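Below you'll find the structure, written out as structure tokens, and then a few comments.
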Amino acid sequence: MLACSNDDSSSSETEAADLVIDINNPIHEIQPTMYGIFFEDINFAADGGLYAELVKNRSFEFDAPWMGWKHLPETETRFNTVNELTIVRDANNPQNPRFVRVDKGDETPEFGLENEGFDGMGIKNGEKYDFSFVARQNKENITVKATLIDTTGNIIGSASTAVNGNDWKAYEVVITPTATFGAAKLQVTFEGVGQIDIDQISLFPQDTWKGRKKGLRKDMVQLLADLNPGFIRFPGGCIVEGRTLDQRYQWKKTVGPVDQRETLINRWNTEFAHRPAPDYFQSFGLGFFEYFQLSEDLGAEPLPILSCGLACQFNTSETVPMDQLDPYIDDALDLIEFANGSVNTKWGKIRASMGHPEPFNLKYIGVGNEQWGQEYFERYEAFAKAIYTKYPDMNIVSGTGPFSDGEMFEKAIKELERIKPELVDEHYYRTPDWFKENATRYDNYDRERFKIFAGEYAAQSVQTASPENRNTLECAISEAAFMTGLERNADVVYMTSYAPLFAHVNRWQWTPDLIWFDNLTAYGTANYYVQKMYGTNPGTHTLSIKREGENVTGKDGLYATAAIDKNSNELIIKVVNTLGSKREVSLSLNGLSKAVEGTMTSLHGDDAGVFNTIEEPSKITPSESNVIAENGKLNLQMPSNSFQVVRLKL
Ligand code: AHR
């Protein structure tokens with residue numbers, strides 16, 4: 001028997017606890033979808049984040065067309081009659097009507113535009129960047145020059161190309177910067193005399209996830225891949241609903257050629273007066289095709305959530321009358337066809353034209369996000385009827401509203417008991433204490449009822465959506481404690497995801513978040529490591545783990561769950577100590593007599609209030625050590641505020 005040594009001699013010790021695991025009698029199957037990801041374009045998670053485009057407002061379609069752009073030279077106005085920049089609106093291109101007309105009457109150097117990026121642009125020394133645009137030449141010859149500069153105006157890279165021909169054409173040149181800089185700017189200047197029209201001015205790193213052209217930020221996707229997610233929920237969140245119905249997320253506008261995806265204001269643009277984001281729009285360069293592709297890359301089931309014809313009830317509650325709901329329902333049916341239909345179907349053909357003739361094998365679809373009231377349930381039923389009629393094997397997820405208890409929640413549950421959906425989506429943005437107290441939430445749950453999708457949750461260190469919330473170790477450990485209860489009840493809980501996922505360190509609206517990033521790097525919070533420890537150690541079946549004959553659900557701060565992985569024949573034990581003092585936990589592995597080796601991953605810290613930051617991203621990270629269980633015994637030394645996962649090869 002080996003005691004894992006965790007040197008925490010400073011704190012007082014709690015009485016040792018004996019936990020008994022029955023390794024020979026698997027109880028519930030754990031769904032492969034158990035630990036997943038919630039993605040929403042909040043906190044600049046998509047444009048300015050995961051979507052690697054560095055130019056903000058590349059096609060001048062923000063409400064204010066020059067937003068993000070500055071005219072050069074600054075001393076000269078663009079109304080100068082010799083050299084002029086004009087926004088032109090082409091009614092024949094309704095998805096992307098605006099472009100810039102450049103009139104160059106003389107050889108003024110450095111005449112053009114400067115893009116500020118998303119809080120600057122993250123540029124890396126020696127890497128290759130594709131600068132591209134579409135343009136046509138109306139009169140004579142103009143050369144377009146792209147220059148990357150740092151804050152003091154030093155040039156850190158440039159490239160240029162001449163525009164020729166009267167038809168719109170795509171141009172691309174490569175810039176190889178000579179310095180690394182997180183807040184670079186892109187100057188686009190026009191040399192020569194003449195007139196051109198220009199649009200879709202873009203800058204992407206070549207080094208994207210899987211090297212895909214104009215793709216996703218590699219470091220950020222890698223953090224997602226490391227979670228080993230069972231599913232990806234997309235696109236949210238409140239963004240699904242929109243502040244108004246016009247601003248709801250419409251997947252059909254996010255597929256096909258990127259320049260035909262209509263820009264839309266992001267609902268988080270104006271949501272919080274204390275965190276305004278007037279330049280927050282959605283280009284949909286990361287749209288539904290890219291989402292399905294990402295799910296496939298990560299081996300995760302896609303779980304799209306669609307508008308049910310109700311705009312956010314915290315905002316306008318704009319509602320589609322029942323007799324006008326068909327286009328919304330058609331969107332759901334067409335999405336299933338887009339994902340799964342043969343290449344001979346209308347939407348399957350579009351998927352194939354985007355480079356994926358094989359189906360994406362979509363199995364889940366959610367109707368509505370945080371909706372409540374009769375107006376939601378009648379719309380849900382209309383969606384469910386139409387979806388099941390055409391796709392009887394689809395798993396449909398219903399909402400339960402924004403709260404996980406109280407009158408609104410109880411009413412929703414009553415309705416859902418009548419409707420009997422397969423999966424219901426519950427959200428918990430609560431205090432760390434709530435998470436600890438609710439580790440038993442599903443222990444006595446009616447097994448005949450619907451299955452649970454814990455679709456959004458995060459412990460709030462101050463209060464829900466407070467800008468003072470931090471991703472503290474205390475929050476992370478309380479989530480780990482709560483999750484022992486989700487796993488123990490794997491016959492009821494089929495899917496779980498922390499929310500929100502991403503936040504730009506300077507441009508967030510909502511905190512806490514799982515992963516924070518700036519323009520060059522990204523890091524995981526303590527909460528991220530809890531998710532990772534669960535996601536990479538899910539097991540296939542739960543096992544009984546008892547303390548004095550009872551489930552281990554928080555008596556003097558101790559929580560535990562156990563599972564077996566039948567594929568790898570490994571025993572997986574997860575133990576949480578929420579106390580601010582160390583303790584010893586002795587595990588009796590009933591049914592195991594031989595000595596077995598394994599690993600122990602431990603996340604812990606003396607200070608429960610500590611959190612990782614972009615400057616210090618590794619204050620709280622898990623450490624790993626080897627363990628051996630002998631004669632069916634294993635002792636764990638659990639430090640204060642700790643979560644430990646033991647994996648033993650049987
Ligand atoms: O995760 C942030 C927001 O919280 C989601 O958009 C919404 O569903 C919830 O209220």
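For ligands, and for the atoms within them, numbers begin at 1 and follow the listed sequence. Here the structure is a predicted model, which is why all the values come from computation and not from measurement.
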Q) For the rings on Phe482 and Trp434, is their centre-to-centre separation under 6.0 Å? A) yes
(Q) Going by the rule side chain to side chain contact (heavy atoms under 4.5 Å, CB included), which residues pair with Thr578 if we only count those two or more places apart in sequence or in a different chain? (A) Lys436, Ile477, Ala481, Tyr559, Val576
Q) For residues Asp513 and Trp508, is any side-chain donor paired with an opposing acceptor at under 3.5 Å? A) no
Q) Which protein heavy atom lies closest to atom 1 (O) of ligand 1, and at what distance to 0.1 Å? A) Tyr429 OH, 2.7 Å
Q) Backbone, side chain, both or neither: what part of Ile239 comes under 4.0 angstrom of ligand 1, heavy atoms only? A) neither
**Q.** Within 45° cone and under 6.0 Å: Arg449 NZ/CZ vs Tyr445 ring
**A.** yes
Q. Heavy atom of Pro500 under 4.0 Å from ligand 1?
A. yes
Q: Would you mind running through ligand 1 and noting each atom that sits below 4.0 Å from a heavy atom of Glu370?
A: 7 (C), 8 (O), 9 (C), 10 (O)
Q | Gly237 neighbourhood, listing ligand 1 atoms whose heavy-atom distance to it stays under 4.0 Å | A | 5 (C), 6 (O), 8 (O)
Q) Any side-chain donor-acceptor pair under 3.5 Å between Asn641 and Glu474? A) no
Q | For ligand 1, the portion of Trp268 having any non-hydrogen atom under 4.0 Å away | A | side chain
(Q) If only side-chain N and O atoms count, and only distance matters, is there a donor-acceptor pair under 3.5 Å linking Gln282 with Asn266? (A) no
Q. Identify the closest protein heavy atom to atom 6 (O) of ligand 1: which residue and atom is it, and at what distance?
A. Glu40 OE1, 2.6 Å
Q) For ligand 1, which atoms sit closer than 4.0 Å to a heavy atom of Asn369? A) 7 (C), 8 (O)
Q) If you measure from atom 5 (C) of ligand 1 to every heavy atom of Glu456, Arg267, Glu241, which option wins on shortest distance? A) Glu456
Q: Verify the distance criterion only: is there a donor paired with an acceptor across the side chains of Gln293 and His356 at less than 3.5 Å?
A: no
Q) Considering distance alone, does some N or O of Ala499 sit under 3.5 Å from an N or O of ligand 1? A) no
